[in-house]
Amino acid sequence: MQHIISIGDFDRDEIDNLLNHAAQIEKKKYDANALAGKILAVLFFEPSTRTRMSFESAMARLGGTSLSVGSVEACSMAKGETLADTVRVVSGYADAIVIRHPKEGAARLAAEFSTVPVINAGDGAGQHPSQTLLDLYTIRQSMPVEGIEVALIGDLRYGRTAHSLASALSLYNARLHTISPKGLELPATLAAQLKEQGMEITEHDSIEDVIGEVDVLYVTRIQRERFPDSASYFNVASSYRITPELLAGAKKRLIVLHPLPRIDEIDPRVDESPHARYFEQSRNGVPVRMAMLMQVMK
């Protein structure tokens, strides 16, 4: 039984193989009944649009079905049931579980008690492996991943998408540039781990310092839900914004990515720029998650 809890569950060859499979799926080269008769349990204890719907779409396109508990208030956890017991019960109803939870480590806990494969769809400020796989897939559509220069900008402390992507990029000898509001820097433990693996990481005060050097600009929103209080959030909100004027100094091949949703960190005028790839990035969630589901339920 294979769980997907962290991007660290993959080596480089495994990532490349899965993304190659996703590329074949995108070309319609797959069995539309590959998961016929299979059931995916969708346990989302945080709001989601793209991740949840793309997993459900992926399952439907492979001939399977999905079950959901709806909101937290609608399930027995509202009565005090533990996550472990919920997972024990739900794994008896399905062939795999995809879970999103506000607490870091929740997906790994779920995997300990599940009798079917578990896919982590985001656990607090921890990991988001499926997002990272579609991020890498989107980059591959524009350029080879090996040795690229990537700038991560925004909430790098709580941003699980940034954490997962940085870890994956270390497998491809990428060079990382980080730009974040004070207090939202990349966690020191993660930065130290990546540097031990040979990754070059450079901190910058502003995106203007590196906009002409990087190949990928990965933008994240300031996550209000991760802050202990509103005052802390508003102190750093709207501290950066990507505009067409800023991108005028970028490399021709630069692509702008964002895991979405965005608030005001990317000017809507950027949507028409040849650099913008975030809506394609979102669409790529379907073939990538189809490949993931086939891998864990084959």
Side-chain angles (χ1 to χ4, degrees), residues 6-7 44-51 100-107 120-132 134-136 138-139 150-170 174 176-194 199 201-211 214 216-243 246 255-268 270 276-278 281-282 285:
S6 163
I7 198 64
F44 274 50
F45 302 110
E46 278 189 326
S48 174
T49 300
R50 280 150 296 277
T51 304
R100 168 171 287 191
H101 199 280
K103 292 186 178 179
E104 186 172 345
N120 181 8
D123 61 333
Q127 288 275 323
H128 198 343
S130 68
Q131 178 68 47
T132 296
L134 72 91
D135 293 341
L136 292 173
T138 307
I139 294 170
V150 179
L152 301 181
I153 180 170
D155 180 357
L156 307 186
R157 177 181 178 184
Y158 299 111
R160 58 194 174 205
T161 59
H163 299 167
S164 290
L165 181 59
S167 296
L169 288 170
S170 69
L176 200 63
H177 302 268
T178 63
I179 307 99
S180 60
K182 187 175 181 180
L184 296 182
E185 297 87 355
L186 199 68
T189 52
L190 176 58
Q193 176 187 338
L194 295 173
M199 191 175 209
I201 305 176
T202 308
E203 293 185 32
H204 302 272
D205 294 327
S206 69
I207 185 60
E208 286 83 358
D209 294 342
V210 293
I211 192 62
V214 297
V216 177
L217 177 59
Y218 195 88
V219 187
T220 64
R221 69 186 172 92
I222 302 297
Q223 302 182 81
R224 185 170 185 172
E225 65 270 27
R226 309 286 177 216
F227 282 77
D229 55 72
S230 296
S232 299
Y233 167 75
F234 286 113
N235 282 339
V236 296
S238 303
S239 58
Y240 57 93
R241 185 172 172 83
I242 308 304
T243 65
L246 174 66
I255 61 172
V256 179
L257 301 181
H258 192 308
L260 302 177
R262 65 174 165 184
I263 307 302
D264 58 2
E265 59 274 5
I266 297 181
D267 189 316
V270 174
R277 291 289 190 280
Y278 30 89
Q281 179 185 1
S282 179

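Note that the structure is predicted; figures quoted are calculated from it, not measured.
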**Q** Give a yes-or-no answer on whether the side chains of R100 and H128 include a donor-acceptor pair shorter than 3.5 Å.
**A**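 Side chains of R100 and H128: pair found under 3.5 Å.
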**Q** Could you go through the side chain to side chain contact (heavy atoms under 4.5 Å, CB included) check for E185 and K182 one step at a time?
**A** CA-CA 7 Å; E185 297 87 355; K182 187 175 181 180; 4.2 Å; yes
**Q** Do the charged groups of R160 and D123 touch, with an N to O distance under 4.0 Å?
**A** no
**Q** Is E203 atom CD crowded by more than 12 heavy atoms from other residues, nucleotides or ligands, each under 6.0 Å away?
**A**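 Count not over threshold, so no.
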**Q** Could you check whether Q131 and D135, counting side-chain N and O atoms only, form a donor-acceptor pair closer than 3.5 Å?
**A** yes
**Q** Show your reasoning for whether side chain to side chain contact (heavy atoms under 4.5 Å, CB included) applies to L184 and L156.
**A** CA-CA 6 Å; L184 296 182; L156 307 186; 5.9 Å; no
**Q** Can you name the closest pair of heavy atoms from T220 and D155 and give their distance?
**A** OG1-N, 3.1 Å
**Q** Under the rule for side chain to side chain donor-acceptor pair (under 3.5 Å), what residues qualify as partners of S170, not counting sequence neighbours?
**A**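 With neighbours one apart ignored, the set is Q197.
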**Q** Run L165 and T161 through side chain to side chain contact (heavy atoms under 4.5 Å, CB included) and show every step you take.
**A** CA-CA 6 Å; L165 181 59; T161 59; over 6 Å; no
**Q** How close do V150 and V214 get, heavy atom to heavy atom, and via which atoms?
**A** C-CG1, 4.4 Å
**Q** On a heavy-atom basis, which atom in T51 and which in F44 lie closest, and how many Å separate them?
**A** CG2-CZ, 3.9 Å
**Q** Would you say the side-chain atoms of S282 pair up with the backbone N or O of Y278, donor to acceptor, closer than 3.5 Å?
**A**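 Not at all, since once roles are kept as given, no pair shorter than 3.5 Å links the two residues.
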**Q** Of the options R221, Q281, E265, which is the one that meets H258 in a side chain to side chain donor-acceptor pair (under 3.5 Å)?
**A**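 Going through R221, Q281, E265 one by one, the side chain to side chain donor-acceptor pair (under 3.5 Å) with H258 is satisfied by E265 alone.
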**Q** Could you walk me through whether I179 and V210 pass the side chain to side chain contact (heavy atoms under 4.5 Å, CB included) check?
**A** CA-CA 10 Å; I179 307 99; V210 293; 4.1 Å; yes
**Q** Specify the closest pair of heavy atoms between I139 and L257, including all atoms of both residues, with the distance to one decimal.
**A** CG1-CD1, 3.8 Å
**Q** Please report the closest heavy-atom contact between S164 and I7, naming both atoms and the distance.
**A**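 Smallest heavy-atom distance, with atoms named: O-CG2, 3.6 Å.
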**Q** Grab the two heavy atoms, one from S180 and one from G154, that are nearest each other, plus how far apart they are.
**A**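 Shortest heavy-atom separation between S180 and G154 comes out as CB-O, 3.1 Å.
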**Q** Between H101 (side chain only) and A121 (backbone N and O only), is there a donor and an acceptor less than 3.5 Å apart?
**A** no
